[in-house]
Amino acid sequence: MKVLVPVKRVVDYNIKPRVAADGRGVETQGVKMSMNPFDEIALEEALRLREKGHASEVIAVTIGPQVAQDVLRTAMAMGADRAILISTDVDCEPRVVANLLKAVVEKEQPGLISMGKQAIDDDMNATGQMLAAKLGWPQGTFASQVDIADGHATVTREVDGGTETLALTLPAVITADLRLNEPRYASLPNIMKARKKPLETLEAASLGVDLTPHLTVVKVAEPPQRTAGIIVETVDELVQKLKTEAKVI
Amino acid sequence: MPQMDNRGNYIISLGAFCRWLGEQAEALGVEIYPGFSGADLFIEDGKVCGVITGDMGINRQGKPKPDYTSGMILRAKQTILAEGARGSLSKKAMARFDLRKNADPQTFGLGIKEVWEIPAENHRPGFVQHSFGWPLDTHTYGGAFLYHFGENLVSYGFITALDYRNPWLSPFEEMQRTKQHPAFKKHFEGGRRIMYGARAISEGGLQSLPHPIFPGGVLTGDCAGFLNMPKIKGIHTSMKSGMIAADAVLEAIQTEQTEASTYMQALKASWLWKELSAARNIRPAFSHWGMLGGAAYSGIDSMIFRGRAPWTLHHRHADNQTLLPADQAPKIDYPKADGKLTFNRAESVFLSNISHDDDQPVHLHVGDMQTWKEVNLARFAAPESRYCPAGVYETNEAEELVINAQNCVHCKSCDIKDPEQDINWCTPEGGSGPNYPSGM
């Protein structure tokens, strides 16, 4: 069974994002970019499935300009066998991403898609669900545990108030939550080896998918600054302030 | 002063330049491995034969975690160290091969920098301003720089020489309060601070230059100490030293020599040596005669002798030897941060985007806590809590030293200034440290 792992190149999670001068997005010029952390977890899970003998090949795929190759190299350094870059300069929204990934799925015929539950840049949390719907495959989202046996995946999901366990018939889409696993480091020898692993480039335009966005970002703004707290002297003063200043009681 | 003339220069972000340079190198087939620390020199038969990268996935107690990955030896015929000021491997190489035996002690400065985004109507691309002295005391060498560059960006920084005497001095607070001077304040109006960082630089010049060649390798750039202090510029000299080293190292490999012995001669024959030689007396003049005497001397040395004075002034002390006992030095009353123009350390370090897994061994090794208590705390009132620009060091109520290693911006000041040289900066887990965006 092949496992397909879609990964996204995002602003590194350590960076404090800054709204770009045009107010339509976040400054990415000269900013450290890395693989979306949830995708790292999804990739780790795929690698573990391969190590347990459930998967034969792990394929990483990303969509973006040529520089997006760096996350694919990272994926291969972590252990993916090969990678596909769907090359485009268009900033794709989830619907378009799902359509492009569907085209790759039809070509590669994976038995499982393991992907992050959301990307930390736009926090859409939509692509996995859309892709499953478009493929007509079952989906296990927010996975915190995955077991594979006899053509089925048992997925423990994190839901409001607890966990839910689903049995999915493969092929299926699984989206990884934070507690699924702790991803491995890419070791130096593996980074060196990853340079020689195959990386295929597909032109997005050649996949027959309409890349036109249907969403427009109107404005991106930083959250308002919180004002410093104060220490009140008495309970009466607290009640007074809650009434007159905070106006919550 | 002729050294401070910046006409004809062009202002760019060094961070952006280095990223670009990295791409050029990779396109030529150079392999670059960011995210791995050079933890140790690999020495075989008395010769450096490469570097050892740090282990990954060690917990705070020093035990391997599930994701443990051991470091590896990168073997090399010649190892070029280019770590910047007070490099941890350079320090080992200097000690192992006694490279400093004919050199004055190195003296350093701590540079702390902010980048601001200001309203377009106030931006004056190419504007450069330097200040000198104020608000430092007359025994302390230092000053500020301010550049308008990029898209509505202003780079502002302050350098305090680490041979300062007063243990109550805080380079961070000096940097903050300098912004309140009208000549600086006006540049920040309506703007917001977007980046913060700090780094030590070498100020000693040629007198403090170690022998830059050792068996199996060379020192280049600021880990050797090629910075031109009166100019406050070291990038051009670092690059030149790298180019000269490349030629010498290639020759050593081709002729199968252990030492790149032609490096030193080639350095001496280059414009780099001439430039640093002309600048050599400026910095030590200030530690000899203080602010006014130093300034007067510098004028004479560079205007009348044109840097060719028939004498050389020396650096007499290492930076860790200059502190006065805390009870013999005046306390300094720094103004409180206003959160608009001036800031405290915690909110500043937040802008350095530090990545540092807390569950790893503390990379700032303090040798002996008893020494710290008797010397640092009792004699000097814990100076590390003031010179550290990131608030790494704190003294708790029980009078113990607390090390917030996860705040470290890798400036190396503690390794330099600690009175007993009992703080040793070691490499943290690879990839740890500040993430400066383009513009820093």
Side-chain angles (χ1 to χ4, degrees), chain A residues 10-23 26-35 37 40-41 43-45 47-48 51 65-67 69-71 73-74 77-79 120 180-196 221-222 224-229, chain B residues 13 15-20 23 26 29 31-37 51-57 65-74 115 117 120 150-153 192-196 339 347 349-357 359 429-440:
Chain A
V10 297
V11 172
D12 187 88
Y13 70 95
N14 286 298
I15 307 288
K16 183 183 181 283
R18 182 161 64 92
V19 175
D22 66 0
V26 168
E27 185 59 74
T28 54
Q29 194 67 40
V31 174
K32 185 180 174 192
M33 307 291 278
S34 331
M35 192 194 298
E40 277 189 341
I41 296 171
L43 174 61
E44 175 67 34
E45 198 60 22
L47 298 174
R48 289 184 188 186
E51 282 157 9
Q66 282 299 315
V67 287
Q69 280 191 16
D70 59 5
V71 293
R73 292 283 169 210
T74 306
M78 283 174 69
I120 61 166
L180 181 57
N181 59 49
E182 218 170 287
R184 68 195 64 189
Y185 293 101
S187 72
L188 195 46
N190 287 341
I191 292 176
M192 293 173 177
K193 280 181 207 151
R195 290 172 184 271
K196 299 196 177 70
E222 283 180 18
Q225 282 220 324
R226 274 179 64 172
T227 46
Chain B
S13 150
F17 171 72
C18 288
R19 279 187 189 93
W20 174 83
E23 285 167 20
E26 286 193 315
E31 296 180 13
I32 302 175
Y33 296 104
F36 294 91
S37 54
V51 293
I52 304 170
T53 66
D55 292 343
M56 312 277 272
K65 294 191 278 186
D67 55 1
Y68 169 76
T69 310
S70 84
M72 64 184 286
I73 298 168
L74 294 172
V115 175
E117 191 175 53
E151 272 187 61
N152 303 328
L153 299 178
R192 62 170 187 154
R193 192 175 67 143
I194 55 175
M195 305 173 200
Y196 173 82
E347 55 189 336
V349 175
F350 179 61
L351 295 178
S352 300
N353 299 318
I354 296 171
S355 125
H356 188 103
D357 183 353
D359 193 16
E429 185 172 286
S432 302
N435 284 291
Y436 296 134
S438 189
M440 281 296 281

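To find a chain, count down the sequence lines: A is the first, B the second, and so on, and within it residues start at 1. Because the structure is a prediction, the values reported are computed rather than measured.
In terms of heavy atoms, B:Tyr33 sits closest to A:Ile191 at CE2-CG2, 3.6 Å. For the residue pair A:Lys16 and B:Leu351, the shortest heavy atom distance occurs at CD-CD2, 4.0 Å. Between B:Asp67 and A:Tyr185, the shortest heavy-atom contact is O-CD1, 3.2 Å. Closest heavy-atom contact between B:Asn435 and A:Asn14: ND2-CB, 3.8 Å.
Under a 4.0 Å N-O distance rule, the pair B:Glu117/A:Arg18 qualifies as a salt bridge.
Each of B:Glu429, B:His356, B:Glu151 has some count of heavy-atom pairs under 4.5 Å with chain A, and the biggest count is that of B:Glu429.
Between B:Glu31 and A:Arg195, the closest side-chain pair of non-hydrogen atoms falls below 4.5 Å. Side-chain contact between B:Leu74 and A:Leu188 is present, with heavy atoms from C-beta onward closer than 4.5 Å.
Contact of B:Met72 with chain A is made through the side chain alone, with heavy-atom distances under 4.5 Å. Only the side chain of A:Glu182 comes within contact range of chain B, with at least one heavy atom under 4.5 Å from a heavy atom of that chain. Using a 4.5 Å cut-off between heavy atoms, B:Thr53 contacts chain A through its side chain alone, with no backbone atom that close.
With rounding to the nearest 0.5 angstrom, the CZ atom of A:Arg184 is 14.0 Å from the CE atom of B:Met56. The distance from atom CZ of B:Phe36 to atom OG of A:Ser187, rounded to the nearest 0.5 Å, is 6.5 Å.
For B:Phe350, the CZ atom sits in a loose shell: 12 or fewer heavy atoms of surrounding residues, nucleotides or ligands are nearer than 6.0 Å. The number of heavy atoms from other shown groups lying within 6.0 Å of CD (A:Gln29) does not exceed 12.
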